[in-house]
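To start, the structure under review is shown below, and the notes come after it.
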Amino acid sequence: MDLFEYQAQKSRENEAPLAARLRPSTLEEFVGQEEIVGEGKLLYRAIKADKLTSVIFYGPPGTGKTTLAKIIAGTTQSRFEQLNATTSGIKDIKDVVERAKRELGFDGRKTILFIDEIHRFNKTQQDTLLPYVEDGVVILIGATTENPFFEVNRALLSRSIVFELKKLSKENIKTILKRAVYDKEKGMGSYKAEIIEEALDFLADAADGDARVALNAVELGVLTTERNKDGVILIDLETAGECIQRRVLSYDKKGNNHYDTASAFIKSMRGSDPGAAVYYLARMLASGEDIKFIARRIVICAAEDVGMADPNALRVAVSAAWAADFVGMPEARIILSEAVCYVASAPKSNASYLAVNKALQDVEKVRVETIPIYLKDIHYEGHEVFGNGNGYKYAHDYENHYVDQQYLPDEVKDRVYYEPTGIGYEQEVLKYFRKIKGDKK
């Protein structure tokens, strides 16, 4: 590299976006993904020992896939080459391989080939890589936002270790943002900027695990905000909202508004108003509420407020909770909305909810000596001595597979716990009981 090339490179580095300038150069600077690059973990040890084998980094945008590749490039004794699958083809792969072969033959140095967005390589392009990965001419590092078990050739996968990178946590994002604002060497510390805690919280929520989104917003804020009377560029909540193009809602996940919104959400479902319920769902989602928190509220409402009036509501709610967690945002909003509309539109009965509460009160207040002896277990040794099971009437031996028999303990035998309302499916429940008990009403 001559002087002009060196100056051009330094200029590009200085003018690069904040996300690029702030990129960690060592594992110690890396934020997040402790499960795979924490001290003592497999990948950490492999990088430190310069004993890396072919790997594929899989995860959402902004979670550190390219950063890890750059760290490896800075710590390894091997040559480092980089391709982007969106702009590279078979010729580029072969050019890299030829250089790798020459270097390996000349001084024994291996070549690490980093391919960003490897899922965009077609089958033929991936097949071209295979023999060179297999015989060690290149050590592959692939990065992909798509599931590699669907998008990467099975043969290539079998020769690589797949590491899944998760969305960065809110605390991870806040750590990165503080470094961006106050670091004078790589960040924007020389601008004399400050960011308030509320703005940090908001940006960390809004970024949804993508550090690049948060960093772009902070950079925009610092570069476009005028200094206050003290000469400080202050990134407050309003500025943060403008920079990430999201309206700041009055919604504190630890404050009263959080509970007020959740309460209105549940009461709207209970009150059979799907429109209002979806509005409060949208409000929580827009404010960065945890989708697991929302899904739990839907499941609870399906059990407590819909209950046996439509037993399918609970199945829908549980399925939605699993699917939303599996898919993640933003598509999870569609799944949650469907569940909310179903639960809000379903007939309502809290009979099963009241039943267990009544039973729990009796369990706590009424002393029961024993359950009826004919209901006791007969499968453990010595049950005959106690007469367990004697006198039990097997329901399937009787008409309608029902027999009148006392099941409750004597002390609470006259208690009625479950009282079907006759709404929705509970109409069928009432008909069933009337039929089996011979009630002609």
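Residue numbers start at 1 and run along the sequence shown.
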Worked check of side-chain hydrogen bond (donor to acceptor under 3.5 Å, both in side chains) between T239 and D236: CA-CA 5 Å; T239 303; D236 56 16; 2.8 Å; yes
Check ion pair E29-K186 (N to O, under 4.0 angstrom): yes
task: Quick one: list whatever passes side-chain contact (heavy atoms from CB on, under 4.5 Å) with E103, sequence neighbours left out.
output: R79, D107, R109
- prompt: According to the side-chain hydrogen bond (donor to acceptor under 3.5 Å, both in side chains) rule, which pairs have a member within residues 128-138, sequence neighbours left out?
  reply: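 Output for this query lists E134-R159.
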query: For residues 145-156, which residue pairs qualify under side-chain hydrogen bond (donor to acceptor under 3.5 Å, both in side chains), counting only residues two or more places apart or in two chains?
result: D127-N153
Kindly check if the number of other-residue, nucleotide or ligand heavy atoms within 6.0 Å of [atom1] ([X]) is above 12?
X: K110; atom1: NZ; result: no
X: Y418; atom1: OH; result: yes
X: E28; atom1: CD; result: yes
X: Y407; atom1: OH; result: yes
X: Y402; atom1: OH; result: yes
X: K70; atom1: NZ; result: no

Within this structure, what is the [atom1]-[atom2] distance for the pair [X] and [Y], rounded to the nearest 0.5 Å?
X: R297; Y: M284; atom1: CZ; atom2: CE; answer: 9.0 Å
X: K267; Y: C301; atom1: NZ; atom2: SG; answer: 12.0 Å
X: F57; Y: F114; atom1: CZ; atom2: CZ; answer: 8.5 Å
X: L113; Y: F80; atom1: CG; atom2: CZ; answer: 8.5 Å
X: I195; Y: L203; atom1: CD1; atom2: CG; answer: 5.0 Å
X: D116; Y: Q82; atom1: CG; atom2: CD; answer: 6.5 Å

message: I'd like to know if the side chain of N84 pairs up with that of T87 as donor and acceptor (distance under 3.5 Å, no hydrogens or angles considered).
response: no
query: How about T111 and E81: does a side-chain donor come under 3.5 Å of a side-chain acceptor?
result: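 No.
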Can you check whether [Y]'s main-chain N or O pairs, donor with acceptor, with [X]'s side chain at less than 3.5 Å?
X: R333; Y: P330; value: yes
X: K65; Y: T63; value: no
X: N172; Y: S169; value: yes
X: D325; Y: A321; value: no
X: D230; Y: V232; value: no
X: K348; Y: V343; value: yes

message: So which atom in I235 and which in A199 form the shortest heavy-atom distance, rounded to 0.1 Å?
response: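 Of all heavy-atom pairs spanning I235 and A199, the closest is O-CB, 3.6 Å.
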task: Search all heavy atoms of G187 against all heavy atoms of R21 and return the closest pair with its distance.
output: O-NH2, 4.2 Å
message: Please enumerate all residues that pass salt bridge (Lys or Arg N to Asp or Glu O under 4.0 Å) together with K41, with sequence neighbours excluded.
response: none
Using a 3.5 Å cut-off and no angle test, enumerate the donor-acceptor pairs between side-chain atoms of residues 304-319 and protein atoms at least two apart in sequence or in another chain.
from	atom 1	to	atom 2	distance (Å)
D305	OD1	R270	NE	2.8
D305	OD2	R270	NE	3.2
D310	OD1	N312	N	3.1
D310	OD2	Y342	OH	2.8
N312	OD1	R315	NH1	3.2
N312	ND2	Y342	OH	3.2
S319	OG	R315	O	2.9

- request: Enumerate the residue pairs fulfilling ring-ring contact (aromatic ring centres under 6.0 Å, His included) with a member in residues 307-332, sequence neighbours excluded, ordered by first and then second residue.
  value: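 Found W322-F326.
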